[in-house]
2 protein chains.
Amino acid sequence: MATVGRMAGVSQVTVSRALSHPSKVSPDTLRRIQDAIRATGFVPNALAGALASRKSNLIAALVPSFTNIVYSSLLHGFSEIMRENGYQIMLSETGHDSEREQTLIETHLGRRPDGVLLTGVHHSPGARRMLIGSGIPVVEVWDISESPIDCCIGFSHPGTGLAAAEFAVEAGYRRAATVTAADARACRRRDAFAARFRELTGNDVLTMDYAAGTATLQHGRAALTDLVDHQGFMDGVVFCSSDQYAHGLLTEAAARGLNVPGQIAVIGFGDQDFAAHTYPPMTTVRVDRGALGEAAAGALLQRFAKDQDARSVIDVGFELIRRGSA
Amino acid sequence: MATVGRMAGVSQVTVSRALSHPSKVSPDTLRRIQDAIRATGFVPNALAGALASRKSNLIAALVPSFTNIVYSSLLHGFSEIMRENGYQIMLSETGHDSEREQTLIETHLGRRPDGVLLTGVHHSPGARRMLIGSGIPVVEVWDISESPIDCCIGFSHPGTGLAAAEFAVEAGYRRAATVTAADARACRRRDAFAARFRELTGNDVLTMDYAAGTATLQHGRAALTDLVDHQGFMDGVVFCSSDQYAHGLLTEAAARGLNVPGQIAVIGFGDQDFAAHTYPPMTTVRVDRGALGEAAAGALLQRFAKDQDARSVIDVGFELIRRGSA
DNA sequence: CTGAAAGCGCTAACAC
DNA sequence: GTGTTAGCGCTTTCAG
């Protein structure tokens with residue numbers, strides 16, 4: 001920066017000003033400085049800038065998994081808004097492991113991010129303490145809680161299970177099963193579904209849980225095979241914790257020539273891009289993940305701007321989309 | 001850090017040492033320092049550390065899209081290895097836009113990353129210049145080139161098209177079509193396929209291109225509809241630029257009661273987790289994306305270690321997996 | 001509108 | 001083993 005200044009015949013400070021507050025520099029010097037920057041290929045050191053200004057323009061984002069479309073689409077919306085506002089994302093995968101999450105939080109906090117994005121509302125006590133102690137704005141997404149660390153944006157997972165059960169009963173189904181991945185929020189959806197279905201019909205729900213945290217089409221096919229061949233489940237509705245499972249059930253049903261939704265009805269979760277185009281089209285729970293990510297970004301930006309009416313709990317809701325599969 | 005030192009009865013520097021080179025501090029002082037750190041909740045400022053040591057432990061990673069499983073699974077492998085070695089990832093989406101990529105590279109370079117991960121081997125001249133000028137190790141993935149910026153790890157995209165065409169001809173198909181997304185690498189696969197197929201059979205290949213950069217099941221269904229209803233393509237093989245398209249073709253074929261591969265044969269690309277479990281199982285091109293990401297991380301680590309035998313072009317190859325769909 | 005001085009919180013080099 | 005000194009490359013006062 002000093003070199004650039006020398007070339008432009010000004011001091012280092014003026015170069016700094018030309019970069020951060022161009023309006024505070026005379027048009028003429030500004031031009032000379034810009035020429036010098038171009039000539040040297042100078043790229044300001046943001047690390048030093050962050051240290052001096054106590055503003056890093058860095059956001060720490062922690063998600064369970066990059067490859068799960070649920071989180072990546074959320075991140076897409078989030079990072080887009082953040083980028084437009086001059087922030088950069090440091091990203092890490094927690095893998096549904098809260099100890100690992102805590103370690104990652106500590107590492108990220110060392111970079112002095114201006115904000116933190118967390119997935120879910122359950123974090124280790126140590127993580128909570130560090131986050132609160134840091135005084136950095138934190139937004140928790142994909143779930144809601146009465147007592148967020150700072151603020152949270154999401155929807156009620158049990159609420160989706162409730163809605164699915166009520167829909168299923170109203171649609172006339174009297175037998176039900178669930179297919180659920182090893183994911184705490186998915187389990188809460190399952191439990192709410194089962195409880196409500198039982199309440200309304202008096203019938204127990206057959207619950208099938210998978211050890212994997214990631215739902216795949218393969219396991220969806222296996223689940224229907226299991227349901228039909230071993231559990232004698234031949235008519236009723238299946239509430240899946242993910243559209244991937246639901247797609248697997250539809251695939252297996254097609255392979256077996258089963259009628260959907262006549263013999264087996266299927267409800268997915270997520271409304272992924274393929275859900276409207278499966279055969280038959282999938283009935284599922286829609287959550288606008290991109291918008292959720294954008295809302296999370298908005299919440300952080302509000303906090304940065306010290307907006308007084310920033311809310312701390314935002315329920316973005318969900319929607320049950322009825323298509324052909326149930 | 002000075003406060004912690006005071007609590008432990010040592011100077012600030014000793015605290016720094018205890019953190020970075022614990023072996024260079026006596027066990028007794030080390031313990032006292034650790035106690036003080038715990039008591040204060042001190043988290044070292046990595047920004048300041050990076051500035052002083054000229055080592056940021058930050059890696060800039062640029063991918064076209066977070067939501068495309070191709071890139072996210074690559075990132076998963078990459079970030080895992082990097083994390084294990086103490087590096088943190090700054091991630092951005094370029095959206096297949098090379099101007100945007102250049103802007104992002106400049107922003108990232110400002111953070112003085114220790115390494116850069118780029119997707120693809122085609123970058124704007126300005127981007128190349130900045131990257132080379134920075135002297136920072138760069139690894140380009142998902143493609144190979146004779147003249148990488150620094151090093152590249154990937155496979156030959158035309159090679160996959162060639163292999164698919166040869167497989168198709170050998171399997172007896174004499175008519176062929178392609179379904180391709182608006183992606184430069186996908187187009188190179190398509191062109192190689194079409195050229196080779198023509199060379200071997202004398203028959204032209206019907207090419208269907210989609211404007212969207214992201215392949216979806218929906219467009220795959222639409223493609224088959226178009227092929228069958230408007231192009232009179234009723235027997236032959238379709239080489240898709242993504243498993244998503246291929247899955248759409250299979251879905252539409254099932255919906256229409258077409259025989260696969262008897263009437264319509266389908267070859268996908270990617271071998272995504274569902275490919276082995278579609279109905280019928282999908283013939284596709286497999287690339288081990290997780291391993292590719294890990295190899296990219298390894299290449300960067302080698303460069304950090306100034307390993308002399310680090311190679312600059314690594315072809316990880318691909319594999320044509322024959323299942324039921326072709 | 002521009003510059004001089006001080007310092008952000010750490011590491012590196014050198015003494016002791 | 002531990003402390004002292006001098007920066008890393010910026011931004012932030014405060015003068016002029």
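Lettering of chains follows the sequences in order, A, B, ..., and the numbering in each one begins at 1.
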Short question: side chain of A/Arg100, backbone of A/Glu93 - any donor-acceptor pair under 3.5 Å? yes

**Prompt:** Judged by atom type as modelled, is there a donor-acceptor pair below 3.5 Å linking the side chain of A/Ser134 to the main-chain atoms of A/Leu109?
**Reply:** no

- Task: Decide yes or no for A/Leu292 and A/Asp288: does some side-chain heavy atom of the first lie under 4.5 Å from some side-chain heavy atom of the second?
- Result: no

Axis-to-axis angle for the helix from C/dC1-D/dG16 to C/dC16-D/dG1, ends of five pairs each, to 10°, equals 30°

Rounding to 0.5 Å, atoms OG1 (A/Thr119) and CG (A/Leu74) come to a distance of 7.0 Å

Under 3.5 Å donor-acceptor, B/Thr14 side chain and B/Val10 backbone = no

field: Main-chain N/O of A/Lys306 paired to A/Gln308 side chain as donor or acceptor, under 3.5 Å
entry: yes

5' to 3', nucleotides 7-16 of chain C under a 4.0 Å protein heavy-atom cut-off (B base, S sugar-phosphate only, - none) gives BBBBBBB---

So, with a heavy-atom separation below 4.0 Å from DNA chain C, the residues of residues 24-40 of chain A are A/Lys24, A/Val25, A/Ser26, A/Thr29

Q) Where does the angle between the aromatic ring planes of B/Phe304 and B/Tyr87 fall among parallel (under 30°), tilted (30 to 60°) and perpendicular (over 60°)? A) tilted

query: For C/dG3, does OP1 or OP2 lie under 4.0 Å from any side-chain N or O of A/Thr14?
result: yes

Where the side chain of A/Thr94 meets the backbone of A/Asp97, is there a donor-acceptor pair that is under 3.5 Å apart? no

| message | One pair to check against side chain to side chain contact (heavy atoms under 4.5 Å, CB included): B/Asp143 and B/Arg188. What are the steps and the verdict? | response | CA-CA 11 Å; B/Asp143 204 342; B/Arg188 285 163 53 216; 2.7 Å; yes

Notebook entry, point to check: So, A/Glu140 versus A/His123: side-chain donor-acceptor pair below 3.5 Å or not?
Noted result: yes

